[in-house]
Colleague: 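Have a look at the structure that comes next, please.
Note that this is a predicted model, so its numbers are computed, not measured. Whatever order the structure lists them in is the order used to number ligands and atoms, beginning at 1.
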Amino acid sequence: MQTKTLSPEMRDRTDAYWRAANYLSVGQIYLYDNPLLKRPLAPADVKHMLLGHWGTTPGQNFIYAHLNRVIKKYDLDMIYVSGPGHGGPAVVANTYLEGTYSEIYPDVSRDEAGLRKLFLQFSFPGGIPSHASPECPGSIHEGGELGYSLSHSFGAVFDNPELIVACVVGDGEAETGPLATAWHSNKFLDPVTDGAVLPILHLNGYKIANPTIPARIEHEELEQLLRGYGWAPHFVAGHEPGPMHEAMATTLDAVVEEIRRIQEGARVRGNLTRPRWPMIVLESPKGWTGPEVVDGRQIEGTFRAHQVPIREARTRPEHLALLEEWLRSYRPAELFDEGGRLRPELAELAPEGDRRMGANPHANGGMLLRDLRMPDFRDYAEDVPTPGAPGIGDTHVLGRFLRDVAKLNEAGRNFRIFGPDETLSNGLESLFDVTRRQWDAATVPTDEFLAPTGRVMEMLSEHQCEGWLEGYLLTGRHGVFNCYEAFIHIVDSMFNQHAKWLKVTAGLPWRRKIASLNYLLASHVWRQDHNGFTHQDPGFIDHVMNKKAEIVRVYLPPDANCLLSVMDHCLRSRHYVNVVVAGKHPAPQWLTMDAAVKHCTEGIGIWQWASNDQDAAPDVVMACCGDVPTLETLAAVSIMREHLPDLKIRVVNVVDLMKLQPRSEHPHGLSDTDFDELFTKDKPVIFAYHAYPWLIHRLTYRRTNHDNIHVRGYKEEGTITTPFDMTVLNDLDRFHLVMDTIDRVPKTGDRGVYLKQQLKDKLIEHKQYIEKHGQDMPEVRNWKWSSPQ
Ligand SMILES: Cc1ncc(C[n+]2csc(CCOP(=O)(O)OP(=O)(O)O)c2C)c(N)n1
C-alpha cells in the first residue's frame, strides 16, 4: 500500500488501541483475576467456564478503532451496529476504552479494580451476557439472532439526516434471508432527509463450523453481487496489521468523503439520481491475532477460532502457557499504566462526549423520543345511531386518523407506517392523501403514490418492515407495522428478539423507554376472500402471548370506534408490543364513540343493550372477541331472543385479551371477583373467539367457571368461500352458537330442540345456496341487529 493516510506514529497508536481492545476482549473471555498480568498467569486466574466468541472480535475491534478515527477527523455523528453481535467482548471493550462503560457502570472503573470487574462479569453468573446485549452502551442491536443488522441500521437513519450507522455484517449473517434482502434498503433511502448506512461486510471466511458463501465465491462474483444490489464495494484485505491499518484508514476516509459527496449533491445541488452508496468488505482472518495453532490444529483463520480457542487453560499447563503468551502478545504494560488506566496517548484516540459511539443518544433512543402530536381520535368516529349501523370497514376509518397523525407529525419527522406492499390492501388508503411511499428507485407514469420522501415504507419483505421499524423505534421515533394477519408469522422470531430487548431494557434505569411496536393486523383470517386457506392464520396472537406480560398487549376491537380508541392508546404507549387485529370490510358498528371509549378503557364488559339478564341471573353468557365473532354472537343472540324469549342472555365483549388472565399473571388481568361477576361461577359461557380456541382456555384455566367455558374459534378450516361460510366451516357461525347454547342450557327444553332442528336445516340450506349462487343467503347478508323492545 503506497498511500499515507496514517503517519507512522498514528498507525502505531491505532495499532496500540486495537491491541488494547483485543487484550480486554481476551481478558473478558478468560480472566478471573490478574487483569494486568502483573504476575505470571496461574490456573486460578482463569475462569472455570470459558464462554464467548473470539473469532469475530478482533475484526470488530479493528473496525471500531478505525471508526473512532474518522469520527474525530470528520466530526461524525455515528453509531455502531454489530451484526455478529456474539462478538460482545468487542463492543464492551471499546465502550470501556472510550469511557462510556464506566460512566454508566461506575463500579467497572477505569483502573485495575475496574478491569478485574470488567473481565469477571462477562458471561458470568450475575454478570452480563456474551453478546452486544442491551446492557452494553451504544448498542441498539444484540445480534444474538443473526440477520437483522442492516435493516435495523436503515431504520435508525430514516429521518436522521446527520446520522451514519456503521453496520458490521457477518459473512455468515449475510447468508440469512433477512440480511440478503436488506441490501435493497438503499432503494428507499432519501439522501436529503435520511442519514447513511455504511455496511462493513466482515469477510472473515467462516461461521461456527463452515466456510461462508461470500468467502468462497470468486472475488469478482462477490463484487458483482454487491454492485448488483446497488452498492459500491471497497475491499480491504490482508492480515499484516501495518498495511491493514493503512488500507482501512484510507478506505474509510474515501467512503466517508463519498457519503458526504452524495449527501451534498442531493441536499445542496438537488441531484436526485439514486446514488450508489459506498460500503466496505473487510477481509481478515477469523480469530485474527489469536493463537495460530492449538493441540496441533490450526485456529487462526479457520472456523475453529469462532468461540474459545484455548479451552483447558485451568487444567493443562501447555494451554495456560499458550493463553499467557497470547495475552502478553498485546503488551499490556504498554497500553495500561500501573494503576490499570489506559495510557493518555491512546485514550485521546477516542472521540469525546456524545460523539463516542457508546454515548451517542441515538443508541438510547428513548432520550430523543418526543410525544407524537395526536389528532383527537373522537373526531373520526363512525356515526352509530343504533347498534348495527353500517360501517365502511374499520381500517378505512382508522386510515383517516393515521393520515392525520402522519400530517401532524410531518414536520417532526418521527412517525412512519411500514407494510409489505399492503397499506392500500389493508384499507389505509387515506394516508396517500397526505404522504407517499418512500421510494428512491425508478418510477414510471403509471406508478402510484411513490416519492423520494414519504411516511409510508413498503417493501415486500416482512423482515424489512419489522427490522426498519425496530431500528426506527430504537432510535426514538414512532411507527406502525400493518400486515396481513397470516404473514406476520414471518417475523415471529424478530418479534421475540424485540420483546426480549424491551424486557431487559425496562430493567436498565439508564435506558430510556421507547415507543411501542404497534402491529395492525388486517386482512384477517375470517375475511380472506381473495386468497383462501394460505392466508388464514390467526396464530400470531398465541405466539405473542408467550412473552412477558409487562411487554405484550393484544387488542381485538369489535368495530371502528373501538379501533380508533385502541390505536390512539397504542400510539401513546411506551415500551410495549401492541397487537391490534382489525377488519377492513364493511361491517356493522356497535358502539358510539362515547361507549367505545368506555368499553376500550375497561377492556371487557357486558353489552347491556344486547343482554336481557338485568333483572335475573343469566342462563348463558355469550362472550365474543374480535369483529367477526362479535357479529356472529349478536346474530345468535337475536335468534335466541326471538325464538327463546325466556332465556336470560348476557353478552360480554372482550377488546383487551389480557383481561382474561389472572391479575397475578398480567397487569391488565381481571380480579377473580370481577371475572366471576362477568362470567358467573357456574353458567355456560359460549365464547366466540377470533383465533385458535385453545388460547382462551390457556388464559382462563384458573378461573372458577373454567369448566363451563366453551370456545369456538378458528380450527384450521378454510378455503376461498363466502364470509359466512368461513364461520360455518369452523363452527363459529350464529347457528352453531345457538345450537351450542341449546345443548348446554336444559331450560331451552323442547322449544330449543325444535329450534336446533331448524338451524341444522338452515346450515344445509346455506351450503346449497352458496354453492348455487356464490354468495351468502340474503337473510345472512342482510341481517341487522334490531334492539328488542
Ligand atoms: C439466525 C441465526 N441462526 C444461527 C445462529 C447461530 N450462530 C451463531 S454465530 C454463527 C456464525 C456466524 O457467522 P458470521 O456471521 O460470519 O460471524 P462471525 O464469523 O464473524 O462470528 C451462527 C450460525 C444465530 N445466532 N442466528
Colleague: Got more than 12 heavy atoms from elsewhere within 6.0 Å of NE2, H219?
Modeller: yes

Colleague: Measure the spacing between OG of S82 and CD1 of I140 and express it to the nearest 0.5 Å.
Modeller: 11.5 Å

Colleague: Taking the six-membered ring for Trp, is the centroid-to-centroid distance between H184 and Y229 below 6.0 Å?
Modeller: yes

Colleague: Test Y105 against every option in E135, K117, Q121 by the side-chain contact (heavy atoms from CB on, under 4.5 Å) rule and name the one that passes.
Modeller: E135

Colleague: Show me, by chain and number, every protein residue that has a heavy-atom distance under 4.0 Å to ligand 1.
Modeller: T56, P84, H86, G144, E145, L146, G170, D171, G172, E173, N204, Y206, K207, I208, K286, H306

Colleague: Compute the centroid of each ring, for W54 and then for W326, and state whether the two points are separated by less than 6.0 Å.
Modeller: yes

Colleague: Identify whether NZ of Lys or CZ of Arg in R19 sits under 6.0 Å from the centre of the six-membered ring of Y330 and within 45° of that ring's axis.
Modeller: no

